[in-house]
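A quick write-up on the structure given underneath.
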Amino acid sequence: MQRKVYVPGVAALLAALLAGCTSSSGTGDASDDSKPGDTGSSAAAAEPGRYRTLPEPCGEVEPGTLDAMLPGLKEMDDGEQREKAYEGTPTVTYDTDRRVGCSWKVESSGASHRLLLDFERVVSYDSTVSDDDRAAEVYATKLRGADLSRPASSEPGGQGDGGSSGTRSAKESDDAAGDKAQGGVAQGGKAARSAHRDDDKGKSEESGEPERSEKSEKSDKKDGKDDKDGADDTAASTAPATPPAGLEPRTLDDLGDEAFLDDALTTAASATRHRTVTVVFRTSNVIVTIEYDEQPGRRTDVPDSKEMQDKAQELAESLAGAFDE
């Protein structure tokens, strides 16, 4: 009888091939947000962000909120035009997976209002940096752009950006001082014109020329009208550029992971002033920006800071709650 011959090397080769097939069968498809450089090394990749998609912004604001922030909506007689105004205008973006927005602009009898909503989903392409950390960096850039800094308690080691307490620096104090200085110049100019008229009147009385006195009276009336117009311009130009105490630009608590509010008022006397209140908050890897703008029809009117801030913050809290659901 002929015996079968077994070759030990063949068995070893088959075992190696089987092990190779088993190890390669556990890989899955990579997601769209996968970070380059993830080659299965022993170092764990940074954690991805909580949000992988963005909501449709034009549908995120309730009609009642739009009515409160855009009073002109209720004044529209054309039903079709009013319905279109409620829908808003989508912002044109190149990648709706990463950024979307919507805006509303409505004229009313006393002012025009504009509301802008922007959602940005931040994705880190560095395998060592998480999406949340990258979003925090983007948020910090916006915060510095508003001349604000994180509260000391939110910074590693208890130190904020530049050691600030989270409110705007003394820049506004300098601006306010400048506004007062401009007001002083205007008042000084008015006083100078008054003194000049008194001198002319005195000279007229000494020379005994009644015609000069009548001319001075007419001039006084004309100058009085000019002074009234100038006073209106002065009142407009010296309107406070910063909101009252407690309403100044600042960081906000209990809104997303971190948030801040900015409030800017234009003070050019040659045009109608408008106020823009901006609320920015971050929740995980999404940054939400709300811009609320009011421009009065009259040059001397100044939009109410507290009312605008309350409305913008109420909308921000509603959006933050929707993200948490």
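Worth saying up front: this structure is predicted, and the values here are computed from it rather than measured.
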Aromatic centroids of Phe281 and Phe260 separated by under 6.0 Å |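 Between Phe281 and Phe260, which both carry aromatic rings, the centre distance is not below 6.0 Å.
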
Are Phe323 and Tyr51 close enough that their ring centres sit under 6.0 Å apart?
->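 Centroid distance Phe323-Tyr51: below 6.0 Å, so yes.
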
Checking the side chain of [X] only, and the main-chain atoms of [Y] only, is there a donor and an acceptor separated by less than 3.5 Å?
X      : Y      : answer
Glu83  : Gln81  : no
Arg82  : Met76  : yes
Asn285 : Ala135 : no

Tyr86 versus Asp67, side-chain donor and acceptor atoms under 3.5 Å |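 Checked: Asp67/Tyr86 side chains pair up, N/O donor to acceptor below 3.5 Å.
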
Could you tell me whether the side chains of Thr141 and Glu137 share a donor-acceptor contact shorter than 3.5 Å?
-> no

Which one of Asp132, Asp133, Asp126, Thr128 satisfies the side-chain hydrogen bond (donor to acceptor under 3.5 Å, both in side chains) criterion with Ser130?
->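 It is Asp133, the one option of Asp132, Asp133, Asp126, Thr128 that forms the side-chain hydrogen bond (donor to acceptor under 3.5 Å, both in side chains) with Ser130.
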
Minimum-distance pair of heavy atoms, taken over all atoms of [X] and [Y]:
X      : Y      : result
Leu143 : Thr251 : CD1-CG2, 4.2 Å
Ser124 : Arg134 : CB-CB, 3.8 Å
Ser305 : Asp263 : OG-OD2, 2.6 Å
Ala312 : Val279 : CB-CG2, 3.9 Å
Pro55  : Val100 : O-CG2, 3.6 Å
Glu107 : Ser112 : OE1-CB, 3.1 Å

Using 4.0 Å as the upper bound for N to carboxylate O, is an ion pair formed by [Y] and [X]?
X      : Y      : value
Glu294 : Arg114 : no
Asp293 : Arg275 : no
Lys311 : Glu307 : yes
Lys306 : Asp310 : yes
Glu258 : Arg150 : yes

Would you compute the distance between atom [atom1] of [X] and atom [atom2] of [Y] and round it to the nearest 0.5 angstrom?
X      : Y      : atom1 : atom2 : answer
Arg98  : Thr53  : CZ    : OG1   : 12.0 Å
Thr96  : Leu54  : OG1   : CG    : 8.5 Å
Lys105 : Leu116 : NZ    : CG    : 12.0 Å

Taking the side chain as C-beta and beyond, is there a heavy-atom pair between [X] and [Y] under 4.5 Å?
X      : Y      : value
Met69  : Tyr292 : yes
Val138 : Ile287 : yes
His113 : His274 : no
Trp104 : Leu117 : yes
Arg121 : Val123 : yes

Stepwise, does the side-chain contact (heavy atoms from CB on, under 4.5 Å) test hold for Glu62 with Ser318?
-> CA-CA 9 Å; Glu62 296 292 334; Ser318 175; 5.5 Å; no

So among Thr278, Val280, Asp118, Leu319, which one has a side-chain contact (heavy atoms from CB on, under 4.5 Å) with Ile290?
->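 Checked Thr278, Val280, Asp118, Leu319 against Ile290; only one passes side-chain contact (heavy atoms from CB on, under 4.5 Å): Leu319.
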
Within a reach of under 6.0 Å around [atom1] of [X], are more than 12 heavy atoms found that belong to other residues, nucleotides or ligands?
X      : atom1 : result
Glu56  : CD    : yes
Asp254 : CG    : no
Arg298 : CZ    : no
Glu314 : CD    : no

Just jot down the side-chain hydrogen bond (donor to acceptor under 3.5 Å, both in side chains) partners of Thr91, sequence neighbours excluded, or say none.
-> none

Please assess Leu66 against Leu115 for the test side-chain contact (heavy atoms from CB on, under 4.5 Å), listing each intermediate value before the final yes or no.
-> CA-CA 9 Å; Leu66 291 174; Leu115 174 64; 4.0 Å; yes

